[in-house]
Amino acid sequence: MKVNHIGIVVKNIENSINYYENHFSYKLVDSVCIDPIQKVRVAFLKPPDQNFNFELLEPTTDDSPITNALRKGGGLNHVCYEVLNIEEAIVDLKKKGSKLISGPVPGVVFNEKNVVFMYTEMHEIIELVEI
């Protein structure tokens, strides 16, 4: 599995974009978009000289899957990995002790490619995106 992005929960996406641009020279990849399935605003930032992005996530509703994470202070939320076959990856990770949190659902920011979120035996949230 290849790392696609690292997800970070933020209170205000515009302020966070400015922070990462000014402090670390990250560049906004595309405009901020809304994912109605996950109930979030999303922005991808490219760090200099890296082959993955940072994904900033701001909840749009009180019942967004990340609202509780923001109430606890936000910050690092998940690592997203690219997989060739999402169903096979789910089965494999379940055999290794991971639990399915949600999905598969179409990923708005991934041109409707399937995504899932899982909770690993190491108490981490990971996202899988089928490429």
Side-chain angles (χ1 to χ4, degrees):
M1 289 189 256
K2 176 183 167 191
V3 173
N4 179 278
H5 68 264
I6 296 172
I8 301 171
V9 175
V10 300
K11 183 176 182 177
N12 181 293
I13 208 160
E14 285 80 12
N15 290 347
S16 298
I17 291 168
N18 288 333
Y19 170 80
Y20 284 100
E21 286 177 336
N22 293 327
H23 284 75
F24 305 108
S25 299
Y26 289 14
K27 300 292 182 204
L28 185 63
V29 174
D30 206 345
S31 60
V32 175
C33 72
I34 295 176
D35 182 338
I37 296 171
Q38 300 296 334
K39 302 174 185 173
V40 294
R41 294 179 69 214
V42 180
F44 284 96
L45 296 168
K46 178 92 172 134
D49 304 320
Q50 297 297 321
N51 292 326
F52 64 91
N53 293 323
F54 278 75
E55 176 188 42
L56 303 181
L57 301 156
E58 176 189 330
T60 58
T61 64
D62 285 340
D63 64 342
S64 168
I66 62 164
T67 297
N68 282 337
L70 183 59
R71 287 184 183 131
K72 294 177 183 176
L76 183 61
N77 182 259
H78 68 272
V79 176
C80 177
Y81 297 97
E82 297 175 358
V83 297
L84 295 177
N85 184 308
I86 206 158
E87 294 297 335
E88 288 178 9
I90 292 168
V91 169
D92 182 54
L93 287 168
K94 280 184 172 181
K95 286 179 185 174
K96 295 175 180 172
S98 295
K99 296 177 182 171
L100 185 65
I101 297 172
S102 67
V105 296
V108 172
V109 296
F110 295 110
N111 297 319
E112 305 301 317
K113 293 179 182 172
N114 282 331
V115 300
V116 298
F117 285 89
M118 299 188 78
Y119 188 71
T120 73
E121 64 278 6
M122 294 297 291
H123 309 286
E124 301 166 324
I125 297 172
I126 62 169
E127 179 182 15
L128 305 177
V129 59
E130 192 169 54
I131 57 169

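Small disclaimer: the values here were computed from a predicted structure and weren't measured.
Within 6.0 Å of atom CG in Asp62, 12 or fewer heavy atoms from other residues, nucleotides or ligands are found, so the atom counts as exposed in its surroundings.
Taking hydrophobic clusters as Ile, Leu, Val, Met, Phe, Trp and Tyr residues chained together by side-chain heavy-atom distances below 4.5 Å, Val32 shares a cluster with Val10. Linking ILVMFWY residues whenever their side-chain heavy atoms come closer than 4.5 Å, directly or via other members, places Phe54 and Tyr81 in the same cluster. Hydrophobic clustering of Ile, Leu, Val, Met, Phe, Trp and Tyr side chains at less than 4.5 Å, counting indirect connections, keeps Val79 apart from Ile131. Under a hydrophobic clustering in which Ile, Leu, Val, Met, Phe, Trp and Tyr are joined whenever their side-chain heavy atoms come within less than 4.5 Å, directly or via other members, Leu56 and Ile126 fall into the same cluster. Under a hydrophobic-cluster definition in which Ile, Leu, Val, Met, Phe, Trp and Tyr are linked whenever side-chain heavy atoms come within less than 4.5 Å, directly or via other members, Leu57 and Ile6 are assigned to different clusters.
Using a distance-only test at 3.5 Å, with no hydrogens or angles considered, a donor-acceptor pair links the side chain of Asp35 to the main chain of Ile37. Side chain of Glu130 to backbone of Ile86: a donor-acceptor contact under 3.5 angstrom is found. Proximity of a side-chain donor or acceptor of Thr67 to a complementary backbone N or O of Thr61 within less than 3.5 Å is detected. In this structure a side-chain-to-backbone donor-acceptor pair under 3.5 Å is present from Asn22 to Asn18. Between the side chain of Ser64 and the backbone N or O of Lys39 there is at least one donor-acceptor pair closer than 3.5 Å. Panel note: side chain Glu55, backbone His5; no donor-acceptor pair is recorded below 3.5 Å. Thr120 contributes no side-chain N or O that, together with a main-chain N or O of Ser98, makes up a donor-acceptor pair within less than 3.5 Å.
To the nearest 0.5 Å, atom CG of residue Leu93 and atom CE of residue Met1 are 4.5 Å apart. Taking NZ from Lys96 and CE from Met118, the interatomic distance works out to 10.5 Å, rounded to the nearest 0.5 Å. Atom CD of Glu82 sits about 12.5 Å away from atom CZ of Phe52, to the nearest 0.5 Å. The distance from atom CZ of Phe44 to atom CG of Leu28, rounded to the nearest 0.5 Å, is 11.0 Å. The distance from atom CG of Asn12 to atom CZ of Arg41, rounded to the nearest 0.5 Å, is 7.5 Å. Atom CG of Leu84 and atom NZ of Lys2 lie 11.0 Å apart (nearest 0.5 Å).
When every heavy atom of Ala89 is checked against every heavy atom of Val83, the shortest pair comes out as CB-CG1, 3.9 Å. When all heavy atoms of Pro106 and Asn114 are compared, the closest pair comes out as N-OD1, 4.1 Å. Across all their heavy atoms, Val42 and Ile13 have their closest contact at C-CD1, 3.7 Å. Among all heavy-atom pairs drawn from Gly103 and Val116, the shortest one is C-CG1, 3.8 Å. Closest heavy-atom contact between Lys46 and Asn53: CD-OD1, 3.1 Å. Here the shortest heavy-atom pairing between Pro104 and Glu87 reads CG-OE2, 3.5 Å.
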Verdict with reasoning, Val108 to Gln38, per side-chain contact (heavy atoms from CB on, under 4.5 Å): CA-CA 9 Å; Val108 172; Gln38 300 296 334; over 6 Å; no
